[in-house]
Amino acid sequence: MTVYGNFPGSRPRRLRTTPAMRRMVAETRLDPANLILPAFVREGIDAPVAISAMPGVQQHTLDTLRKAAVEAVSAGVSGIMLFGVPADEKKDARGTAGTDPGGILQVGLRAVREEVGDDLVVMSDLCLDEYTDHGHCGVLTADGRVDNDATLERYAEMAQVQADAGAHVVGPSGMMDGQVGVVRDALDRTGHEDVSILAYTAKYSSAFYGPFREAVGSSLKGDRKTYQQDPANARESLRELALDLEEGADMVMVKPAGPYLDILAKVADSVDVPVAAYQISGEYAMIEAAAEKGWIDRDAAIMESLTGIRRAGAQMILTYWATEAAQRLGR
């Protein structure tokens, strides 16, 4: 074609010419410090158990949990979020294993703190679902509904025992109304003023949680739609955000990450506290499964998905690829 004058006058491709150029002008930077590793510790096993729906992820013994924590520190990962998987016979209607100082999550928290001290931010999932025989995130009424206020009393107990066990941060994830305020009060009353709260502010009732239920040995029948958010709603997340901040949340989170990047961006634009997003089990499983089929470039897809979450506004990303991605970023 004939080119007239200096057409085209603007050539954005000039800034894409080489890897060094693209790196220099990149608007979003992903760093190992942005990453948090979710990890499962299971009671009563003497070897790690693979999670079939999440290739490469396992339920840890205390020994392998310690090793995973050390590896995360070495890679530059900032935090680890622990989930306990109790023996089936210890589950009951009130999730008492979750508030037992000798329960598996509390044992895991102590083990990780003993191993890495303050070199890793040790976080704990504060919810009852792993410990109840019905699989819901709270205490049930006689007719099978989740009793919000009775559940808050249990969360207050959980906060204390998790902080006693060494958690730097607790993550109330059950989406009960008032949970952040109750947890903050419980921590402050028991001498744990320095323990932070990572509020699961916008936690949606998602189809992408499926593999996680295998990971924690969930006993759930039915769904959690009466307390987790409706995927159709956006403004509701900002209402939840305002309540969590008013109640004392130190950090806030959107979960899942990938399908809710619009929510993540709204939250990040609205607050002056750190914002997290959780790249959940189904997001992980989709990439791993497609890569296993040879349909996508696994490594490139992992880094692209994490960069997208970071670009949308997350300062912290909970991802099962945390250590692997951090190692790659550090090279």
Side-chain angles (χ1 to χ4, degrees), residues 22-23 25-38 76-81 121 123 125-127 168-175 177 179-181 183-184 195-206 208-209 212 228-284 286-287 301-322 325-326 329:
R22 293 191 294 273
R23 184 172 63 249
V25 302
E27 299 173 27
T28 302
R29 301 200 185 276
L30 188 64
D31 186 88
N34 299 128
L35 305 177
I36 297 167
L37 176 68
V77 170
S78 283
I80 187 168
M81 173 67 81
V121 179
M123 304 177 170
D125 178 62
L126 199 163
C127 195
H168 294 106
V169 177
V170 296
S173 62
M175 291 300 286
D177 294 339
Q179 63 184 14
V180 171
V183 167
R184 183 72 271 159
V195 173
S196 301
I197 296 176
L198 170 58
Y200 283 61
T201 290
K203 183 178 180 181
Y204 283 86
S205 180
S206 173
F208 293 97
Y209 294 132
F212 179 88
Q228 294 179 351
Q229 282 185 244
D230 185 339
N233 293 351
R235 289 192 302 270
E236 182 182 37
S237 64
L238 298 181
R239 183 183 182 198
E240 294 277 7
L241 173 64
L243 290 168
D244 283 351
L245 293 174
E246 182 181 346
E247 292 172 23
D250 299 289
M251 301 170 275
V252 296
M253 182 156 67
V254 174
K255 180 179 180 181
Y260 297 91
L261 294 181
D262 60 325
I263 306 301
L264 175 57
K266 288 177 184 291
V267 169
D269 287 344
S270 302
V271 301
D272 57 4
V273 300
V275 176
Y278 196 147
Q279 186 180 51
I280 66 169
S281 60
E283 298 175 74
Y284 176 94
M286 286 192 300
I287 289 177
I302 290 170
M303 302 311 290
E304 182 178 340
S305 68
L306 293 173
T307 300
I309 296 166
R310 180 82 177 94
R311 187 185 64 243
Q315 294 162 263
M316 302 168 292
I317 305 172
L318 284 80
T319 175
Y320 300 99
W321 289 302
L329 289 165

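Computed from a predicted structure; not experimentally measured.
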Would you list the atom pairs, donor with acceptor, under 3.5 Å between side chains in residues 308-318 and any protein atom, with sequence neighbours excluded?
{"from": "Arg310", "atom 1": "NE", "to": "Arg29", "atom 2": "O", "distance (Å)": "3.2"}
{"from": "Arg310", "atom 1": "NE", "to": "Asn34", "atom 2": "OD1", "distance (Å)": "3.4"}
{"from": "Arg310", "atom 1": "NH1", "to": "Ala314", "atom 2": "O", "distance (Å)": "3.1"}
{"from": "Gln315", "atom 1": "OE1", "to": "Val275", "atom 2": "N", "distance (Å)": "3.1"}

Considering only distance and modelled atom types, tabulate donor-acceptor pairs under 3.5 Å from the side chains of residues 231-245, sequence neighbours left out.
{"from": "Asn233", "atom 1": "ND2", "to": "Glu236", "atom 2": "OE1", "distance (Å)": "3.2"}
{"from": "Ser237", "atom 1": "OG", "to": "Ala234", "atom 2": "O", "distance (Å)": "2.5"}
{"from": "Asp244", "atom 1": "OD2", "to": "Thr201", "atom 2": "OG1", "distance (Å)": "2.7"}

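Of all heavy-atom pairs spanning Val77 and Gly79, the tightest one is CG1-O, 3.3 Å. Closest approach of Ile197 and Val180 over heavy atoms only: CD1-O, 3.8 Å. The minimum heavy-atom distance between Val183 and Pro172, with the atom names listed, is CG2-CB, 4.4 Å. Met123 approaches Ile36 most closely through the heavy-atom pair CE-CD1, 3.6 Å. Nearest approach of Ala325 to Met303, heavy atoms of both residues: CB-SD, 4.1 Å. The heavy-atom pair separating Pro256 from Ile280 by the smallest distance is CG-CD1, 3.4 Å.
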Worksheet item: Run the side-chain contact (heavy atoms from CB on, under 4.5 Å) check on Tyr260 and Val267 step by step: do they pass?
Response: CA-CA 11 Å; Tyr260 297 91; Val267 169; over 6 Å; no
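Under the salt bridge (Lys or Arg N to Asp or Glu O under 4.0 Å) criterion, Asp250 pairs with Arg184, not counting sequence neighbours. Here Arg22 pairs with Arg16, Pro19 under the side-chain contact (heavy atoms from CB on, under 4.5 Å) rule; sequence neighbours left out. Residues satisfying the side-chain contact (heavy atoms from CB on, under 4.5 Å) criterion with Ala265, sequence neighbours excluded, are absent altogether.
Among residues at least two apart or in separate chains, side-chain hydrogen bond (donor to acceptor under 3.5 Å, both in side chains) pairs with a member in residues 262-281 are Tyr278-Tyr320, Gln279-Ser305, Gln279-Thr319.
A donor-acceptor distance shorter than 3.5 angstrom exists from the side chain of Tyr209 to the backbone of Tyr204, with no hydrogens or angles considered. A donor-acceptor pair under 3.5 Å links the side-chain atoms of Lys203 to the main chain of Ser173, judged by distance alone.
At a threshold of 4.5 Å between non-hydrogen side-chain atoms, the residues Glu283 and Pro259 count as touching. Two residues are said to be in side-chain contact when any heavy atoms from C-beta on lie closer than 4.5 Å; Met81 and Val169 fail this criterion.
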